[in-house]
Amino acid sequence: MLKPLGRLGLTLALCTFTASVFADVAIVVHGGAGTILKKEMTAEKEARYVAKLKEAITSGHAALKAGKSGEDVVVSTIQILEASPLFNAGVGAVYTFDEEHELDASIMHGATRKAGAVAGVKTIKSPIAAAQAVMNQSAHVMLSGQGAETFAKEQGLEMVDNSYFDTAHRLEALKKAKARMKAAGQTSGGQKGAEKMGTVGVVVMDSQGNIVAGTSTGGMTAKRYGRIGDSPVIGAGTFADNDSCGVSATGHGEFFIRYNVAADICARVRYHGVSVTRAADTVINDVLKEAGGTGGVIAIDRQGHIAMPFNTPGMYRASIDAEGTLNIGIYKDMLETTSVVSE
């Protein structure tokens, strides 16, 4: 006959059960989607992207395995990408029409539904850190422009001159876009291909079973009038809910806003009972594509399943699932699949 556990025994049993349920972690990263063609990529440039994606994903995974909170891991992993000139976020952000940088970022915690975002900031070194501060240290969800920068200073975040984000290849891209716009008699709009998109994002499931998602971007090349895309918009570019999934998006932001892409994917998982793979694929390759929207998403559900669909020629991406399998890709097919279980 089984003996009752008693209060201490029951507590230990529950702790053991909880640990076994949430022992696994998962992480997925993206560095933007767009017209990324292998025939136009040098071997050296491809290797640089792969190396930076691997650095970000393995750093984040190691932190998760060490028991760090999903929130902090999302921020630290995105900061690796913000500091790289390879991606359209932080250093390497695209230029506005007026030859400066306006950056956006957001983060959401799936356990509490708390979220924070900044939009159109120019002097905050790490926009994702500012978004986290808004989530945790303010009564608001989104702050913009000068107000967001004043708040960031009050929080002790590092501030920089706008020129900190300058890169020669982004300036050249701006000049080409403006020359084409001038020839077409346009004062705004008319961006093509990669000029319309470019973002970095991270979604994790941490050791406590919490899902956290974050996104950071420099926006659209040659944007004007304080244009804001989907990246800082909760539900469009970023969403997290422990009862369904977490999503970070990249693409032509106007469409992601109109179709509430990130939240729609999680709603399909929660209310339709479909897999995160099916939900993400349906929204990106059916709903969004039929509307003329281009881009992709990364997503994780509450079991740690990962989805990375996109409807463009390529998307910079990497993932490590709950089994410890590392995948890195740029084009349709993965470039690298290995195991990091030993870590």
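Just so it is clear, the model here is predicted, and its values are computed rather than measured. Below, all heavy atoms of this structure are taken into account, side chains as well, without hydrogens, waters or symmetry copies.
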**OP:** For Ser248 and His30, test the side chains for any donor-to-acceptor distance below 3.5 angstrom and give the result as yes or no.
**Re:** yes
**OP:** Verify, without hydrogens or angle tests, whether Asn88 (side chain) and Val94 (backbone) share a donor-acceptor contact under 3.5 angstrom.
**Re:** yes
Original post:
If only atom types and distance count, is the side chain of Asp98 paired as donor or acceptor with the main-chain N or O of Glu100 below 3.5 Å?
Top reply: no
Subject >> Minimum-distance pair of heavy atoms, taken over all atoms of Ala117 and Pro232 >> reply: CB-O, 3.2 Å
**OP:** Taking the side chain as every heavy atom from C-beta outward, state whether Lys54 and Ile328 have any pair of such atoms under 4.5 Å apart.
**Re:** yes
Original post:
Hey, are the side chains of Val247 and Cys245 touching, using non-hydrogen atoms and a 4.5 Å cut-off?
Top reply: yes
**OP:** Could you tell me whether a side-chain N or O of Asp301 sits under 3.5 Å from a main-chain N or O of Ser244, the two making a donor and an acceptor?
**Re:** no
Original post:
Should we say atom NZ of Lys289 is surrounded by more than 12 heavy atoms from elsewhere, each under 6.0 Å from it?
Top reply: no
Original post:
Does atom CZ of Arg278 have more than 12 heavy-atom neighbours from other groups under 6.0 Å away?
Top reply: no
**OP:** Report the distance from atom CD1 of Ile124 to atom CZ of Phe151, rounding to the nearest 0.5 Å.
**Re:** 9.5 Å
**OP:** Report yes if some heavy atom in the side chain of Met159 is under 4.5 Å from a heavy atom in the side chain of Glu149; otherwise report no.
**Re:** yes
Subject >> Closest non-hydrogen atom pair between Ala129 and Gln79, with its separation >> reply: CB-NE2, 3.7 Å
Subject >> Shortest non-hydrogen contact from Pro313 toward Gly34 >> reply: CD-O, 3.4 Å
**OP:** Please answer whether the main-chain N or O of Val233 pairs with a side-chain N or O of Ser106 as donor and acceptor at a distance below 3.5 Å.
**Re:** no
Original post:
Within a strict 4.5 Å, meaning less than it, do heavy atoms of the Lys125 and Glu82 side chains meet?
Top reply: no
Subject >> Heavy-atom donor-acceptor pair, Asn311 side chain to Ile284 backbone, under 3.5 Å >> reply: yes
**OP:** Determine the sole option in Asn242, Val74, Val203 for which the side-chain contact (heavy atoms from CB on, under 4.5 Å) test with Val212 is passed.
**Re:** Val74
Original post:
Is there a path of hydrophobic side-chain contacts, each under 4.5 Å between heavy atoms of I, L, V, M, F, W or Y residues, that connects Val118 with Val160?
Top reply: yes
**OP:** Could you tell me whether Phe97 atom CZ has more than 12 heavy atoms of other residues or ligands within 6.0 Å of it?
**Re:** yes
Original post:
Hey, is the main chain of Thr312 close enough, under 3.5 Å, to the side chain of Lys332 for a donor-acceptor pair?
Top reply: yes
Subject >> SB check Lys175 Glu172 (cutoff 4.0 Å) >> reply: no
Subject >> Same cluster (ILVMFWY, side-chain, under 4.5 Å), Val202 and Leu53 >> reply: yes
**OP:** Search all heavy atoms of Met205 against all heavy atoms of Leu64 and return the closest pair with its distance.
**Re:** O-CD1, 4.2 Å
Original post:
Going through the distances and angles, do Val287 and Arg268 end up as a side-chain contact (heavy atoms from CB on, under 4.5 Å)?
Top reply: CA-CA 13 Å; Val287 177; Arg268 289 168 186 264; 3.6 Å; yes
Original post:
In terms of hydrophobic clustering (I, L, V, M, F, W, Y; side-chain heavy atoms under 4.5 Å; direct or indirect links), are Val121 and Tyr164 co-clustered?
Top reply: yes
Original post:
In Å, rounded to the nearest 0.5 Å, how long is the span from CZ of Arg224 to CE of Met181?
Top reply: 7.0 Å
Original post:
Does the side chain of Met334 reach to within under 4.5 Å of the side chain of Arg317, using non-hydrogen atoms?
Top reply: yes
Subject >> Any Gln155 side-chain heavy atom under 4.5 Å of Gln132 side chain >> reply: no
Original post:
Is a side-chain donor or acceptor of Arg170 paired with a backbone partner of Gly92 at a separation under 3.5 angstrom?
Top reply: yes
Original post:
Are Val29 and Thr77 close enough, and set up right, to give a side-chain contact (heavy atoms from CB on, under 4.5 Å), and what steps lead you there?
Top reply: CA-CA 8 Å; Val29 170; Thr77 305; 4.0 Å; yes
Original post:
In terms of ring plane angle, is the pair Tyr49 and Tyr316 parallel, tilted or perpendicular, where the classes change at 30° and 60°?
Top reply: parallel
Subject >> Donor-acceptor contact present, side-chain Asp104 to main-chain Thr217, <3.5 Å >> reply: no
Original post:
Is there side-chain contact between Asn260 and Phe239, with at least one heavy-atom pair below 4.5 Å?
Top reply: no
**OP:** Find the distance between NZ (Lys65) and CG (Asp24) and round it off to the nearest 0.5 Å.
**Re:** 6.5 Å
Original post:
Are a donor atom and an acceptor atom from the side chains of Asp72 and Ser69 found within less than 3.5 Å of each other?
Top reply: yes
Original post:
So, do Glu336 and Leu326 sit near enough that their side-chain heavy atoms are less than 4.5 Å apart?
Top reply: yes
**OP:** Test the Arg258-Phe255 pair against the cation-pi criterion, namely NZ or CZ under 6.0 angstrom from the six-membered ring centroid and within 45° of the ring axis.
**Re:** yes
Subject >> Single-linkage hydrophobic cluster, 4.5 Å side-chain cutoff, Val50 and Leu86 together >> reply: yes
Original post:
Where the side chain of Asn162 meets the backbone of His101, is there a donor-acceptor pair that is under 3.5 Å apart?
Top reply: yes
**OP:** Start with the C-alpha gap between Thr337 and Asn327, add the side-chain angles, then the distance that decides, and say whether side-chain hydrogen bond (donor to acceptor under 3.5 Å, both in side chains) holds.
**Re:** CA-CA 5 Å; Thr337 298; Asn327 282 293; 2.6 Å; yes
Subject >> Residues, nucleotides or ligands: over 12 heavy atoms within 6.0 Å of Tyr271 OH >> reply: no
**OP:** Carefully, step by step, assess Ile107 and Glu71 under the rule side-chain contact (heavy atoms from CB on, under 4.5 Å).
**Re:** CA-CA 8 Å; Ile107 186 170; Glu71 177 186 329; 4.1 Å; yes
Original post:
Backbone N or O of Ile234 within a donor-acceptor pair of the Thr238 side chain at under 3.5 Å?
Top reply: no
**OP:** Please check if Tyr259 and Val297 belong to a single hydrophobic cluster, counting links between Ile, Leu, Val, Met, Phe, Trp and Tyr side chain heavy atoms closer than 4.5 Å.
**Re:** yes
Subject >> Residue pair Ser207 / Val25: nearest heavy atoms and the distance that separates them >> reply: N-CG1, 3.6 Å
Original post:
Which pair of heavy atoms, one from Lys223 and one from Glu102, lies closest together, and at what distance?
Top reply: NZ-O, 2.8 Å
**OP:** Give the C-alpha distance, both sets of side-chain angles, the deciding distance and a yes or no for side-chain contact (heavy atoms from CB on, under 4.5 Å) between Met315 and Ile298.
**Re:** CA-CA 10 Å; Met315 181 171 77; Ile298 54 173; 4.2 Å; yes
**OP:** Evaluate whether atom NZ of Lys45 has more than 12 neighbouring non-hydrogen atoms of other residues, nucleotides or ligands under 6.0 angstrom away.
**Re:** no
